[in-house]
Amino acid sequence: MSEARHNQKRTAVICFGSQQEDYLKLVTAENRREFIEFIQRPLQTQLVLEMHNNGCCDTSCYPVHGLRERRVQGWLGQDRVIPICRVRCQSCRAVFTVLPSFLMRYRRQDTDCLGKLLEMNLGMGLSQRETATIYAWNQKPNEWRPGWIWSLVQWFGCLVPVSLLLMRLGLSPPRAFAE
């Protein structure tokens with residue numbers, strides 16, 4: 001039986017500015033020199049040695065390996081195709097994905113849309129059915145799955161402890177969490 005692959009979670013999230021256009025301008029430029037220079041320092045900090053292949057000795061240079069396109073949906077239902085950059089370590093040849101900060105791993109909605117959904121569900125106290133109905137108003141027909149909001153809450157709950165999430169939303173955690 002082959003050994004399990006260790007290439008999971010080879011992703012770096014980088015802030016390219018406050019607007020999606022800032023990222024798109026950098027990544028779609030013909031000469032990607034400015035983009036490559038911009039991402040080197042954040043990549044060196046985020047991509048620790050454990051994320052590289054065994055025997056990697058230099059984690060300081062990451063040239064662009066390729067671009068992939070991801071269809072991203074905004075809050076108002078508009079679809080947008082965003083290029084996602086992949087870089088390769090010069091030393092060990094490991095490939096990493098560079099995500100702009102307005103995208104989340106494994107999600108097809110931008111962070112604005114996800115934030116509004118979580119705020120409605122957790123902050124405003126709407127039920128998942130009510131949140132799903134509001135979100136479905138903005139979407140094209142046949143693109144909605146009823147359990148999607150619950151899977152979003154579960155996914156986010158794995159990333160952030162519930163008590164911390166409630167406090168960041170300005171809500172007090174239940175007494176069972178406080179004791």
Can you confirm whether Gln44 is buried at CD, in the sense that more than 12 heavy atoms of other residues, nucleotides or ligands lie under 6.0 Å from that atom? yes
Should the heavy atoms of other residues, nucleotides or ligands under 6.0 Å from CD of Glu37 be counted, would the total exceed 12? yes
Would you sort out whether Ile82 and Leu24 count as a side chain to side chain contact (heavy atoms under 4.5 Å, CB included), showing the intermediate values? CA-CA 8 Å; Ile82 304 289; Leu24 293 172; 4.2 Å; yes
Is the shortest side-chain heavy-atom distance between Thr111 and Met104 below 4.5 Å? yes
Can you check whether Leu99 reaches Ile14 side chain to side chain, under 4.5 Å on heavy atoms? no
Roughly how far apart are [X] [atom1] and [Y] [atom2], rounded to 0.5 Å?
{"X": "Ile36", "Y": "Arg33", "atom1": "CD1", "atom2": "CZ", "value": "8.5 Å"}
{"X": "Ile84", "Y": "Thr97", "atom1": "CD1", "atom2": "OG1", "value": "8.0 Å"}
{"X": "Glu30", "Y": "Thr28", "atom1": "CD", "atom2": "OG1", "value": "9.5 Å"}
{"X": "Glu50", "Y": "Cys56", "atom1": "CD", "atom2": "SG", "value": "11.0 Å"}
{"X": "Ser60", "Y": "Leu47", "atom1": "OG", "atom2": "CG", "value": "12.0 Å"}
{"X": "Cys15", "Y": "Phe38", "atom1": "SG", "atom2": "CZ", "value": "7.0 Å"}

Could you check whether Gln20 and Arg80, counting side-chain N and O atoms only, form a donor-acceptor pair closer than 3.5 Å? yes
Apply ring-ring contact (aromatic ring centres under 6.0 Å, His included) to the pair His65 and Phe96, showing each step before the final yes or no. CA-CA 9 Å; His65 177 60; Phe96 300 91; over 10 Å; no
same_hphob_cluster(Val48, Leu43) at 4.5 Å side-chain heavy-atom cutoff: yes
Can you hop from Leu67 to Phe102 via hydrophobic side chains spaced under 4.5 Å? yes
Short question: side chain of [X], backbone of [Y] - any donor-acceptor pair under 3.5 Å?
{"X": "Asn53", "Y": "Cys92", "answer": "yes"}
{"X": "Arg68", "Y": "Pro83", "answer": "no"}
{"X": "Gln90", "Y": "Tyr62", "answer": "no"}

Can you name the closest pair of heavy atoms from [X] and [Y] and give their distance?
{"X": "Arg70", "Y": "Arg108", "answer": "NE-NH1, 2.9 Å"}
{"X": "Val87", "Y": "Val64", "answer": "CG1-CA, 4.2 Å"}
{"X": "Gln46", "Y": "Ala12", "answer": "OE1-CA, 3.2 Å"}
{"X": "Arg32", "Y": "Val27", "answer": "NE-O, 3.5 Å"}
{"X": "Ser91", "Y": "Asp58", "answer": "CB-O, 3.3 Å"}

Aromatic ring centroids of Phe35 and Phe16 under 6.0 Å? yes
